[in-house]
Enquirer: 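I'd like to ask some things about the structure below.
The structure presented is a predicted model; accordingly, all values stated were derived computationally and were not measured. Throughout, protein chains are lettered first and strands after them, A, B, ... in sequence-line order, and every chain is numbered starting at 1.
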Number of protein chains: 2
Amino acid sequence: MNIQEPGGAGATRRVRLADVAAAAGVSTSAASFVLNGRTDQRIPEETKERVRRAAEELGYRPNATARTLRTGTSGAYAFVSDFISSTSVANAMVRGALRELDAHGALMFAVETQGNADMERRLIEQLVDRHIDGVIYASMFTRHVAIPELPAGVRLVLLNCLPPAGVADRGVTAVVPDELGAGRAAAQVLLTAGHRDRIAFLGSFPDGMSGGQEWGGLHPLALDLRVQGITARLAESGLALAESIPVTGWDIADGQAAAETLVGAALPSAIICANDRLALGVMRALRRYGVRVPEDLSLVSFDGSQLADITDPPLASLALPLEGMGRHAALRVLEDAPSPTVELLPMPLGRTGTIAPPPLP
Amino acid sequence: MNIQEPGGAGATRRVRLADVAAAAGVSTSAASFVLNGRTDQRIPEETKERVRRAAEELGYRPNATARTLRTGTSGAYAFVSDFISSTSVANAMVRGALRELDAHGALMFAVETQGNADMERRLIEQLVDRHIDGVIYASMFTRHVAIPELPAGVRLVLLNCLPPAGVADRGVTAVVPDELGAGRAAAQVLLTAGHRDRIAFLGSFPDGMSGGQEWGGLHPLALDLRVQGITARLAESGLALAESIPVTGWDIADGQAAAETLVGAALPSAIICANDRLALGVMRALRRYGVRVPEDLSLVSFDGSQLADITDPPLASLALPLEGMGRHAALRVLEDAPSPTVELLPMPLGRTGTIAPPPLP
DNA sequence: GTAAGCAGTGCTCCTTATTGG
DNA sequence: ACCAATAAGGAGCACTGCTTA
């Protein structure tokens with residue numbers, strides 16, 4: 001609430017601690033003490049009550065800026081991401097982090113570096129100038145990142161990214177999806193449906209081509225781990241991938257083109273696609289050629305994007321638990337001393353509309 | 001950069017203005033004066049240079065918290081939205097606002113009220129406690145909103161929403177999409193393609209049913225305006241909608257169900273759908289019944305969501321200029337005194353894959 | 001013409017003073 | 001006269017900008 005400036009013609013001023021103290025007839029120190037609920041100094045309940053009532057009646061709200069200047073902590077955190085992506089990847093992680101931070105009374109700065117190191121440095125400086133308590137450093141795809149430099153006391157949690165390869169992880173907290181486990185789960189769901197030696201993988205790159213694996217000079221980790229998980233699970237059942245279908249990109253059209261090379265020859269009984277966009281392209285190609293999904297061919301993919309919900313039938317996809325990742329990162333960064341560990345979050349399987357037993361030969 | 005605390009065993013401290021002043025051999029006032037580039041007081045160039053060099057060498061960064069406490073302005077803004085939506089609506093607006101704010105050196109708090117008035121009040125209080133300079137108040141769908149209470153000096157811009165109906169707009173700045181113009185454009189593109197008296201609208205609600213128009217007790221404005229725009233443009237050519245096809249919801253399945261009622265009877269030559277999700281449902285139903293889009297039937301819709309890009313053929317949709325809306329809102333809120341006007345942003349037509357001349361009867 | 005001095009921003013917390021028993 | 005219990009005092013956080021020398 002506001003206070004009439006004595007002598008001021010209608011000018012008002014925000015209520016401050018001194019006003020509360022004056023109204024309660026105590027010193028500002030005592031008022032501060034009471035309102036912060038400290039107990040290491042004794043103040044009689046009657047006095048405390050007077051202070052609390054005065055604060056209530058005046059509509060007192062502490063000035064967070066002054067408190068921050070004094071204490072060095074702000075209760076504000078920064079979500080620093082490379083891209084507030086046009087896909088909704090960032091969106092879901094931001095939402096998770098935001099909700100968890102809010103649940104703890106903290107505020108969140110959102111910041112986008114656009115993958116630019118200078119911009120990142122500049123933004124982090126701006127944030128540090130404002131005494132943020134911690135940084136959630138997020139990448140739009142899983143990869144190794146350079147650890148941003150932060151002053152002591154500003155906590156850091158990596159979200160959907162890991163410390164530089166080869167560097168010991170000591171001291172860094174990270175939250176990433178369990179891509180290896182997802183690869184295993186993709187194989188598992190097909191094995192359970194009865195598929196055996198006619199399972200194909202679509203989404204690797206032709207020999208000599210690294211354009212898709214290297215993205216802007218960066219190396220996404222998901223693809224390799226997904227494939228590792230798949231082959232590991234198949235190997236446990238004495239099986240192997242029947243075929244690995246290369247693609248020349250990551251998008252719908254690439255999946256469609258790759259799938260069209262298959263038609264005519266003997267089809268696999270199931271295809272595991274590297275991501276949802278490829279899978280959508282595959283579905284489109286198969287439909288054109290009269291191959292029914294899942295009756296003639298089963299399909300599993302990764303990401304759990306919104307695409308998976310709008311295909312017909314709904315695509316079986318191992319979902320990146322984006323909101324959960326955001327939440328977990330927030331929980332870590334709120335900790336006094338974040339445990340320096342890599343937290344793997346499971347990737348659940350959503351709908352299973354594209355999975356059926358293999359067709360009879 | 002940091003400074004060795006004299007006598008401290010390795011303890012360092014952030015460089016402050018006093019350190020710069022001492023290094024340059026001037027007072028803190030003079031240093032402040034120089035570093036803020038003020039010109040209403042004369043200081044010889046030589047002294048200025050000494051101060052600047054000292055700041056540079058020490059790696060001085062001003063303490064934003066102290067400056068905010070002193071000046072009352074923070075260079076931080078808040079993006080307050082009802083939902084950091086699961087659709088990517090918010091995402092694009094946030095991105096636009098964020099990029100524009102960053103371009104002006106400002107930081108942005110992101111905040112989600114979940115449509116809850118108490119939560120909104122609490123969050124805005126928290127933000128005001130931190131001396132934010134302004135609020136971008138966004139809604140995920142166009143509607144009238146109650147104006148949040150803010151102290152004098154904190155600017156407000158409404159994004160994708162308008163002041164309460166019937167209340168004079170005076171003093172409030174708002175940025176909204178031009179839904180009326182989009183309705184006109186939808187009709188126009190069909191007229192240009194040669195459609196005349198067999199244009200249908202899909203997406204109104206059956207008589208007596210307001211569930212879709214009222215959403216959580218709130219009234220989206222887009223539907224009415226879109227229809228108004230369509231009928232106005234048709235009327236100018238002496239035409240009217242051939243038919244209005246009701247739906248029972250806003251989603252893919254609703255569009256699909258509504259379109260299935262059509263098949264068998266005489267089809268319209270074109271359907272304007274209230275939004276992309278409905279249009280996708282319509283496409284799905286038509287494909288099932290062998291109606292080709294756009295050869296047998298043209299389709300236009302609204303929103304310009306990601307859905308429109310992934311249909312086959314790509315859906316003609318009048319796009320909500322979400323990122324642009326975010327940018328414009330940011331530009332308004334950065335102004336000293338935002339012009340109290342409603343800014344209408346055009347909704348451009350993207351791809352036109354679902355538009356063709358009407359089939360011969 | 002140059003630049004230092006110092007009050008003020010609102011809060012926290014350490015140090016000191018004043019009571020009453 | 002001494003010790004709790006209670007509360008006031010005031011420095012300090014880093015900066016800006018008016019006033020003064």
Side-chain angles (χ1 to χ4, degrees), chain A residues 1-3 5 13-51 54-55 58-75 128-131 151 153, chain B residues 1-3 5 11 13-52 54-55 58-75 128-131 151 153:
Chain A
M1 216 186 289
N2 289 350
I3 271 203
E5 197 62 84
R13 200 198 57 209
R14 221 181 123 111
V15 173
R16 63 188 145 194
L17 185 60
D19 299 320
V20 175
V26 300
S27 68
T28 58
S29 356
S32 165
F33 190 88
V34 171
L35 295 176
N36 286 316
R38 308 198 43 161
T39 50
D40 51 329
Q41 206 175 112
R42 262 170 319 244
I43 290 187
E45 188 52 45
E46 194 268 340
T47 307
K48 286 188 182 173
E49 191 45 39
R50 227 167 52 232
V51 171
L58 293 173
Y60 171 71
R61 305 229 81 224
N63 180 322
T65 305
R67 178 180 279 169
T68 297
L69 180 60
R70 182 65 235 258
T71 62
T73 66
S74 64
V128 167
D129 293 346
R130 288 188 158 71
H131 283 108
Chain B
M1 218 184 289
N2 289 351
I3 272 204
E5 197 62 83
R13 199 197 59 207
R14 218 182 127 108
V15 173
R16 61 187 147 195
L17 186 59
D19 299 320
V20 175
V26 299
S27 69
T28 57
S29 359
S32 165
F33 189 88
V34 170
L35 296 176
N36 287 316
R38 309 200 42 159
T39 51
D40 52 328
Q41 205 174 119
R42 263 171 315 246
I43 291 187
E45 189 52 46
E46 194 268 340
T47 308
K48 286 187 183 173
E49 191 45 40
R50 227 168 50 233
V51 171
R52 282 193 285 257
L58 293 173
Y60 170 71
R61 303 229 82 221
N63 179 320
T65 305
R67 177 181 278 171
T68 297
L69 181 60
R70 182 65 235 258
T71 62
T73 67
S74 63
V128 167
D129 292 346
R130 289 187 158 72
H131 285 109

Enquirer: If you take all heavy atoms of B:V51 and B:A24, which pair is closest and at what distance?
Expert: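 The pair with the smallest heavy-atom distance is CA-CB, 3.8 Å.
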Enquirer: Check side chain to side chain contact (heavy atoms under 4.5 Å, CB included) between B:E45 and all other residues, then give those that pass, not counting sequence neighbours.
Expert: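 Residues passing side chain to side chain contact (heavy atoms under 4.5 Å, CB included) with B:E45: B:K48, B:E49, B:R52.
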Enquirer: Partners of A:D19 by salt bridge (charged side-chain N to carboxylate O under 4.0 Å, His left out), sequence neighbours excluded?
Expert: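 Only A:R13 meet the salt bridge (charged side-chain N to carboxylate O under 4.0 Å, His left out) criterion with A:D19.
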Enquirer: Give the minimum heavy-atom separation between A:V15 and A:L58, together with the two atoms involved.
Expert: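 What the structure gives for the nearest pair is CG2-O, 3.3 Å.
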Enquirer: Taking salt bridge (charged side-chain N to carboxylate O under 4.0 Å, His left out) as the definition, give me every residue that meets it alongside B:R130, ordered by chain and number, with sequence neighbours left out.
Expert: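 Result, salt bridge (charged side-chain N to carboxylate O under 4.0 Å, His left out) vs B:R130: none returned.
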Enquirer: Starting from C1' on D:dA14, measure out to CZ on B:F33 and report it in whole angstrom.
Expert: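 About 19 Å, once rounded to whole Å.
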Enquirer: Please list each protein N or O that sits under 3.5 Å from an N or O in nucleotides 8-11 of chain C, with the distance.
Expert:
from   : atom 1 : to    : atom 2 : distance (Å)
C:dG8  : N2     : B:R70 : NE     : 3.1
C:dG8  : N2     : B:R70 : NH1    : 3.0
C:dG10 : OP2    : A:R16 : NH1    : 2.3
C:dG10 : N2     : A:A66 : O      : 3.4
C:dC11 : OP1    : A:Y60 : OH     : 2.5
C:dC11 : OP1    : A:N63 : N      : 3.1
C:dC11 : OP2    : A:L17 : N      : 2.4

Enquirer: Could you pull out all residues at least two apart from A:D129 that satisfy side chain to side chain donor-acceptor pair (under 3.5 Å)?
Expert: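 With neighbours one apart ignored, the set is B:R14, B:R61.
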Enquirer: Return the minimal non-hydrogen interatomic distance between A:L17 and A:S32, and the atom names on each side.
Expert: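 Of all heavy-atom pairs spanning A:L17 and A:S32, the closest is CD2-CB, 3.6 Å.
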Enquirer: Below 3.5 Å between N/O atoms, which protein atoms pair up with nucleotides 4-9 of chain D? Just atom names and distances, please.
Expert:
from  : atom 1 : to    : atom 2 : distance (Å)
D:dA5 : OP2    : A:R42 : NH2    : 2.8
D:dA7 : OP1    : A:T47 : OG1    : 3.2
D:dA8 : OP2    : A:S27 : N      : 2.3
D:dA8 : OP2    : A:S27 : OG     : 2.8
D:dG9 : N7     : A:S29 : OG     : 3.1
D:dG9 : O6     : A:S29 : OG     : 3.2

Enquirer: When you check the side-chain N and O atoms of A:T65 and B:H131, is any donor under 3.5 Å from an acceptor?
Expert: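 Distance-only check passes for A:T65 and B:H131.
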